[in-house]
Amino acid sequence: MIEPTNFIEQFINEDIESGKVSSDSIQTRFPPEPNGYLHIGHAKSLCLNFGVKEKYNGKCNLFLDDTNPSKEKAEYEDAIKKDIEWLGFSYDAVTHASDYYEKIYEFAEKEIELGNAFVCDMTPEEISKNRGTLTEPGKESPFRNRSVEENLKLFREMRAGKYPDGSKCLRAKIDMASPNINMRDPVIYRILRETHYRTGDKWCIYPMYDFAHPICDYMQGVTHSLCTLEFEDHRPLYDWVGITLGFKPKPRQIEFARLNVTNLVMSKRYLKKLVEDGSVDGWDDPRMPTLTGLRARGVPAEALKDFCGRIGISKANSEVQISYFEACVREYLNIHAERAMAVLKPLKVRITNYPEDKTEEVDFDVNPNEEEKRTRKILFSKTIYIDADDFSLAPPPKYFRLKKDGYVRLKSAYIIKCDDIVFDDDGNVKELLCSYVPESRSGNDTSGIKVKGVIQWVSDKTAVDVEIRKYGYLLNDEEYAGQDFSERMNKNSVTVFSGKVEPYVMENKDERPYQFIRTGYFKRLKVKGKEILSEIVSLKDNFNK
RNA sequence: AGGGGUGUCGCCAAGCGGUAAGGCACGGGAUUUUGAUUCCCGCAUUCGUAGGUUCAAAUCCUGCCACCCCUGCCA
């Protein structure tokens, strides 16, 4: 007996116990339509479907739901595969609705033969008009009672290309008076002369989602078809197809709430618009909530999966705060990211009592939290840079960092005292003149001086100039409601710093994330051929509280 | 009386008749050469609401309220 962690697994257990399905046959599928890139919302579905597969030792296919050739592209299919690979899920097979077009067609003929479907000559407008409303029943099509023979002949002619687009369609014969509008003789096949990215011009009729999906599920051996809440009303139709066609065992559709993240723009339509109008650099722009965007940002796949697991599965419409996601990212990065030093806004510091040409190496912890501590050497010298934010001309109370006549520790090195401030012509701080305490060297500090502030620094002898960027998210704040997306973008765009980092960060070939002391988590990224450092997520900062 | 759903802490979310798990956030304290991390401690006498059944209800029943989805030849 498998311990369920959500209501879907409870249902699966019930189906196993009741003998509906055998425990070794559990199968799900991840069913995106290849009409866009996967985003963080899909990650929830991915984790759910593959989670069930792993838990029940079952199967899970990547099923591309390509029944609408006018929206779908191979580019999207390729991107979807890459994203799933990145997340580390392995599917048992890649399948497409289009793989089953012939089979679906046969099932359609079967429905006709069973008297469950008819060819309708009404225009889309007429069908819409006769559908009735939420409170009034619809009117039956005048073509509803055509003979099986006539329907079969007409449907075959539809396939053969005898009729223009939209002039005829195949409809399920269910109930025009049903309170569920999806059951009012829904269209299950349409005529559409559009080149399909996989089947080309082989077909000029295409099955609709409601008809194709249950058939494809069944053909693949799917036992549990997990989808989002808006398909609840379609379940009776899903079941109708399975029952009329005699599917055994009939796949069970179970709905769950889709992921909403507070203020995060996730609509495929808007994301596509941003890409197309050049507001972002592409689907993989680090500001995008797409999986490829998150990957570019430096979000570890493990952190994303952890997030999906932690938010849980339910049927309640909910909105998860982005801080939850960020907490998961921080938690992972805290364990895995190497520490490094960097200054986003360099401020020159001259250590007046340090010899001009002397340098020395100090030991720096790669990650203080790891069990087997590793250290690496960092060069210290007379002139260094600290972050401008680590010095204050007018320090508030309880300010721990550098101020005039105050002491602060340079991480892994010496304690320094700020003796003097050099201003430029405009009255801005240009440089600090400090003195170091020779006996305060990290590791064997005999100075007896206690400082609360520890700041990062880089030596001018080794510092590498690099552009450092903080990327915002594409937010849909009330503040920006009604504004054009390009305007929202400007406000949530990119903050650029001309920073300096220790060479270690730039020397590594891989793109491992770093935690810059007291700053945040960063990774190297190439934007239009230029190497930059971009922020993955900021450090939790209690200083401002 | 259109149908289908959902309502448990600021945000997720367990709970399935025996007297409110956990996480994020938050508040307090300790340790810390990252104001990070880590570590303690606190954080719903109450489960949308009003009744009812029961020795006992978030869990069962009834009524009300709120929110979401459905009138594509989209998925």
Side-chain angles (χ1 to χ4, degrees), chain A residues 5-6 10 31-33 35 65-68 70-72 97 120 122-125 127-129 131-138 165-171 178-184 186-192 205-206 208-210 212-213 227-236 255 257 259 262 268 307 310-328 330-331 334-335 339 341 364-365 367-369 398-401 408-413 415 440 442-443 445 451-456 515-520 538-545:
Chain A
T5 54
N6 55 243
Q10 279 183 24
E33 182 187 8
N35 69 343
D65 206 347
D66 55 350
T67 52
N68 184 359
S70 51
K71 286 187 179 174
E72 297 146 3
C120 184
M122 290 200 288
T123 64
E125 295 72 33
I127 290 177
S128 175
K129 219 167 119 189
R131 190 155 18 231
T133 66
L134 295 176
T135 51
E136 301 158 48
D165 291 7
S167 61
K168 278 181 169 46
C169 65
L170 186 70
R171 292 225 261 163
S178 171
N180 181 345
I181 291 171
N182 295 301
M183 300 298 269
R184 316 237 263 230
V187 173
I188 58 176
Y189 255 96
R190 58 172 164 168
I191 304 173
L192 182 67
I205 58 171
Y206 291 95
M208 305 300 290
Y209 163 87
D210 283 313
H213 210 86
C227 64
T228 43
L229 250 27
E230 65 266 31
F231 291 102
E232 274 180 317
D233 289 339
H234 294 244
R235 190 176 352 123
E255 310 84 11
L259 170 66
T262 309
K268 234 176 222 177
F307 170 68
R310 290 219 251 171
I311 55 175
I313 302 291
S314 77
K315 294 192 69 153
N317 288 82
S318 59
E319 203 173 60
V320 178
Q321 297 169 335
I322 189 119
S323 60
Y324 201 169
F325 172 69
E326 294 187 322
C328 293
R330 274 193 211 102
E331 191 172 301
N334 175 47
I335 297 166
R339 312 289 118 120
M341 297 207 283
F364 181 82
D365 288 336
N367 182 332
N369 299 327
K398 288 195 173 177
Y399 185 81
F400 297 165
R401 287 163 286 156
V408 76
R409 173 171 291 280
L410 297 173
K411 170 81 178 166
S412 297
I415 291 174
S440 69
S442 187
D445 182 351
V451 293
K452 289 201 94 169
V454 179
I455 63 173
Q456 59 182 334
Q515 187 205 86
F516 292 158
I517 302 299
R518 273 191 38 78
T519 308
S538 61
L539 229 48
K540 199 167 148 187
D541 181 14
N542 288 326
F543 169 61
N544 293 318
K545 287 180 187 138

Proximal nucleotide (of [options]) relative to the [X] side chain:
| X | options | value |
| --- | --- | --- |
| A:N334 | B:rC73, B:rU37, B:rC16 | B:rU37 |
| A:E232 | B:rG4, B:rU34, B:rG72 | B:rG4 |
| A:P368 | B:rU34, B:rC26, B:rG35 | B:rU34 |
| A:N68 | B:rU34, B:rG3, B:rA75 | B:rA75 |
| A:I181 | B:rA36, B:rC70, B:rA75 | B:rC70 |

Rounded to whole angstrom, note down the [atom1] distance from [N] over to [M].
| N | M | atom1 | result |
| --- | --- | --- | --- |
| B:rC24 | B:rA13 | P | 16 Å |
| B:rU54 | B:rU38 | C1' | 49 Å |
| B:rA20 | B:rU45 | C1' | 10 Å |
| B:rG52 | B:rA14 | P | 31 Å |
| B:rG63 | B:rU53 | C1' | 15 Å |
| B:rC12 | B:rA44 | C1' | 15 Å |
| B:rU19 | B:rG2 | P | 42 Å |

For [N], give its Watson-Crick or G-U wobble partner with both distances under 3.5 Å, or none.
| N | result |
| --- | --- |
| B:rA58 | none |
| B:rG27 | B:rC41 |
| B:rC67 | B:rG5 |

If you go through the side-chain atoms of A:S442, does one of them form a donor-acceptor pair with the base of B:rU33 closer than 3.5 Å?
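For A:S442, whose side chain was compared with the base of B:rU33, there is a donor-acceptor pair (under 3.5 Å).
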Would you say A:S128 places a side-chain N or O within less than 4.0 Å of OP1 or OP2 belonging to B:rG72?
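Looking at the OP1 and OP2 atoms of B:rG72, one of them is under 4.0 Å from a side-chain N or O of A:S128.
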Any side-chain N or O of A:R131 less than 4.0 Å from the OP1 or OP2 oxygen of B:rC73?
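Affirmative; the distance criterion is met.
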5'-most contact on RNA chain B: A:D65 or A:T5, nearest heavy atom basis?
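Taking each residue's closest nucleotide, the earlier one in sequence belongs to A:T5.
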Given RNA chain B, 5'-ward residue of the pair A:G166 and A:R339, judged by closest heavy atom:
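Whichever sits nearer the 5' end wins; that is A:R339.
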Tell me whether the rings of A:F325 and A:F307 are parallel (<30°), tilted (30 to 60°) or perpendicular (>60°).
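The rings of A:F325 and A:F307 stand perpendicular, inter-plane angle above 60°.
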Relative to the ring of A:H234, is the ring of A:F231 parallel (under 30°), tilted (30 to 60°) or perpendicular (over 60°)?
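Perpendicular, since the angle between the ring planes exceeds 60°.
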Check salt bridge (charged side-chain N to carboxylate O under 4.0 Å, His left out) between A:R184 and all other residues, then give those that pass, not counting sequence neighbours.
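In terms of salt bridge (charged side-chain N to carboxylate O under 4.0 Å, His left out), with neighbours along the sequence ignored, A:R184 is linked to no residue.
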Identify whether the glycosidic angle of B:rG72 places it syn (within 90° of 0) or anti.
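Syn conformation for B:rG72.
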Output yes when A:E33 and A:K268 qualify as a salt bridge under the 4.0 Å nitrogen-oxygen rule, no when they do not.
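Answer for the salt bridge query: no.
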Can you give one letter per nucleotide of nucleotides 8-13 of chain B, going 5' to 3': B for a protein heavy atom under 4.0 Å from the base, S for sugar-phosphate only, - for none?
--BSSS
